Every structure is written in structure tokens, then in C-alpha cells.
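Note: hydrogens, waters and symmetry copies are ignored here, and every other heavy atom, side chains too, is used. What you see is a predicted model; the values in this text were computed from it and never measured.
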Amino acid sequence: MKKTLIIVAHPSLRKKSVINSAWCNALSGHESITIRDLYAEYPDGKINIAKEQALVEAHERIIFQFPLWWYAAPALLKVWLDEVLTEGWAYGAGGDKMLPKEIGAAVSCGGKITDFQEGAAQRHTLAHYLDVFDGVAAFTRCKYIGFHAVYDTYNPETVAHIDENCRDYLSFLER
């Protein structure tokens, strides 16, 4: 498996999360995976840019893991993107530190997969809402590898099968 940095952006990862917490627990024992909990690391929202850039440089693949909130990632992930992926480092003149990395996402969604269809209850597909990460990859000249998702997270049946989804997440990372 490629050396992978999981950037987790969940404001209540250890207190309220079931899915994202299970994903972190399932991945934590893998030698090639580094898990970075942004809300635990930066409760004041002030990102240590040099530290984060060094972590990115030390990995081949970056996965942004988060619950879908109002059709986007939680706010601290946006701050991280704005402050860490800087001109001259990630893009622009001399900005080659993201080459030849891969970018992907792992997302938990409260809605059912059938609701994430064009014209359905959520109006669009999850891929549509995650296009921003494809754009980030293109702008920083990385390869976008897509996303892993779990839907219907408020359903006890989904939670009961989380171990299977954790295995699917690991398979996504290994391909």
C-alpha cells in the first residue's frame, strides 16, 4: 500500500462519531497509514502550516475523511486546504510538492444512496458534491482517485455492518 495520510475533519470524532471513528480505529494499526485528526490537533483552528506540509511531503497519497455537512466538508478542512496548499508550494511557480501524489476522499452521509441521485431528495450524486476534490487534485497536478463512502449512517442496520464498510475502505486504499 502507498504511504497514506488520512486527514480527518470531524468536529466530534471521539464523542459523537460512529462511522468516522470506526474507520479511524480500523485503519490505525496499518504501518503505511498516518491518521491526522484536525479538530483534535487544532481546536483553536490555527493550522501549523509547516508541520502539515511536512506530513504531506512524507506521504504518497492524501485522503480527506469527513462527514458530509450541508453538501461539503466541515469548515476546518477548508481552512486546512486554504492554508496548507499554498502558492509556490502546492501550485504556481516552484509549487511542485504535491507531485506526483494521489488525492481521494472518504465520506459518511446521513442520506440513503438512493437519495444521492440526480433529481432525488439530495438533488445530486455524491460525486457531484465531491467534485471540489477532483478540482484540488487537478490544480495541484495530483491524480484524483475518487472516494469511498457510507450512506444512511443514521440507520442502525448501517452501523451494524460498519466492519464490512471498514474492510471496503481499506480495499479502496490498497488499490
Side-chain angles (χ1 to χ4, degrees), residues 1-2 4-13 16-27 30 33-39 56 59-85 90-91 98-175:
M1 179 188 310
K2 292 185 179 193
T4 302
L5 177 62
I6 310 283
I7 302 290
V8 181
H10 193 303
S12 301
L13 183 64
K16 294 183 182 178
S17 171
V18 174
I19 304 301
N20 281 267
S21 183
W23 282 348
C24 288
N25 291 338
L27 300 177
H30 293 271
I33 296 175
T34 303
I35 298 173
R36 191 86 171 137
D37 179 353
L38 292 183
Y39 281 89
V56 169
H59 292 81
E60 301 166 283
R61 179 180 285 163
I62 314 302
I63 303 295
F64 299 105
Q65 178 185 310
F66 56 91
L68 191 69
W69 283 17
W70 291 109
Y71 309 100
L76 191 55
L77 182 53
K78 176 66 166 87
V79 172
W80 188 96
L81 291 166
D82 289 346
E83 294 185 7
V84 174
L85 303 183
Y91 65 92
M98 295 294 289
L99 294 172
K101 298 189 186 307
E102 296 177 345
I103 290 177
V107 184
S108 58
C109 304
K112 297 176 184 173
I113 192 169
T114 54
D115 292 341
F116 282 93
Q117 306 300 320
E118 293 301 322
Q122 302 295 338
R123 304 293 297 149
H124 300 288
T125 64
L126 181 57
H128 172 86
Y129 294 116
L130 297 179
D131 271 349
V132 66
F133 295 99
D134 189 14
V136 167
F139 196 71
T140 59
R141 299 171 311 218
C142 295
K143 178 182 177 186
Y144 181 62
I145 61 168
F147 63 91
H148 171 76
V150 64
Y151 299 88
D152 202 15
T153 59
Y154 300 115
N155 183 337
E157 188 68 21
T158 301
V159 174
H161 290 61
I162 191 59
D163 289 344
E164 181 181 336
N165 189 271
C166 288
R167 286 189 296 275
D168 292 345
Y169 186 8
L170 186 57
S171 293
F172 168 74
L173 296 175
E174 289 175 337
R175 67 176 183 176

What distance do [X] atom [atom1] and [Y] atom [atom2] have between them, rounded to the nearest 0.5 Å?
{"X": "Ile19", "Y": "Thr153", "atom1": "CD1", "atom2": "OG1", "value": "6.0 Å"}
{"X": "Leu99", "Y": "Arg141", "atom1": "CG", "atom2": "CZ", "value": "4.5 Å"}
{"X": "Leu27", "Y": "Ile35", "atom1": "CG", "atom2": "CD1", "value": "5.0 Å"}
{"X": "Tyr151", "Y": "Ser108", "atom1": "OH", "atom2": "OG", "value": "11.0 Å"}
{"X": "Ile103", "Y": "Lys143", "atom1": "CD1", "atom2": "NZ", "value": "12.5 Å"}
{"X": "Lys2", "Y": "Glu174", "atom1": "NZ", "atom2": "CD", "value": "13.5 Å"}

Subject >> Audit row: Thr4, His59, side chain to side chain donor-acceptor pair (under 3.5 Å) steps and yes/no >> reply: CA-CA 6 Å; Thr4 302; His59 292 81; over 6 Å; no
Could you tell me if the side chain of [Y] sits less than 4.5 Å from the side chain of [X], heavy atoms only?
{"X": "Cys24", "Y": "Asn20", "result": "no"}
{"X": "Leu126", "Y": "Leu68", "result": "yes"}
{"X": "Val107", "Y": "Leu130", "result": "yes"}
{"X": "Glu157", "Y": "Asp152", "result": "no"}
{"X": "Ile63", "Y": "Phe172", "result": "yes"}
{"X": "Gln65", "Y": "Tyr169", "result": "yes"}
{"X": "Met98", "Y": "Val56", "result": "yes"}
{"X": "Pro67", "Y": "Ser17", "result": "no"}

**OP:** Please step through side-chain contact (heavy atoms from CB on, under 4.5 Å) for the pair Phe116 and Arg123, ending with a clear verdict.
**Re:** CA-CA 7 Å; Phe116 282 93; Arg123 304 293 297 149; over 6 Å; no
Subject >> Heavy-atom closest contact (Ala9 atom, Leu38 atom, distance) >> reply: CB-CD1, 4.4 Å
Original post:
Minimum heavy-atom separation for Tyr154 to Gly110, with atom names?
Top reply: CE1-CA, 3.5 Å
Subject >> Residues Gln122, Tyr129; criterion side chain to side chain donor-acceptor pair (under 3.5 Å); working and verdict >> reply: CA-CA 10 Å; Gln122 302 295 338; Tyr129 294 116; 5.6 Å; no
Going by the angle between their ring planes, with limits at 30° and 60°, are [X] and [Y] parallel, tilted or perpendicular?
{"X": "Trp69", "Y": "His10", "answer": "perpendicular"}
{"X": "His128", "Y": "His124", "answer": "parallel"}
{"X": "Trp80", "Y": "Phe64", "answer": "perpendicular"}

Original post:
Is the centre of the Phe133 ring less than 6.0 Å from the centre of the Phe66 ring?
Top reply: yes
Please check if the side chain of [X] supplies one atom and the backbone of [Y] the other of a donor-acceptor pair under 3.5 Å.
{"X": "Lys101", "Y": "Ala137", "result": "no"}
{"X": "Arg175", "Y": "Leu170", "result": "no"}
{"X": "Tyr39", "Y": "Leu76", "result": "yes"}

Original post:
Can you check salt bridge (Lys or Arg N to Asp or Glu O under 4.0 Å) on Arg167 and Asp163, steps first, answer last?
Top reply: CA-CA 6 Å; Arg167 286 189 296 275; Asp163 289 344; 5.3 Å; no
**OP:** Test side-chain contact (heavy atoms from CB on, under 4.5 Å) on Thr125 and Glu118 and set out the steps.
**Re:** CA-CA 6 Å; Thr125 64; Glu118 293 301 322; 3.9 Å; yes
**OP:** Decide yes or no on side-chain contact (heavy atoms from CB on, under 4.5 Å) for Val84 and Val79, but give the supporting numbers first.
**Re:** CA-CA 8 Å; Val84 174; Val79 172; over 6 Å; no
Subject >> Test log, rule side-chain contact (heavy atoms from CB on, under 4.5 Å), inputs Val8 and Arg36 >> reply: CA-CA 6 Å; Val8 181; Arg36 191 86 171 137; over 6 Å; no
Original post:
Applying the side chain to side chain contact (heavy atoms under 4.5 Å, CB included) test to Thr158, which of Val18, Val150, Asn165 qualifies?
Top reply: Val150
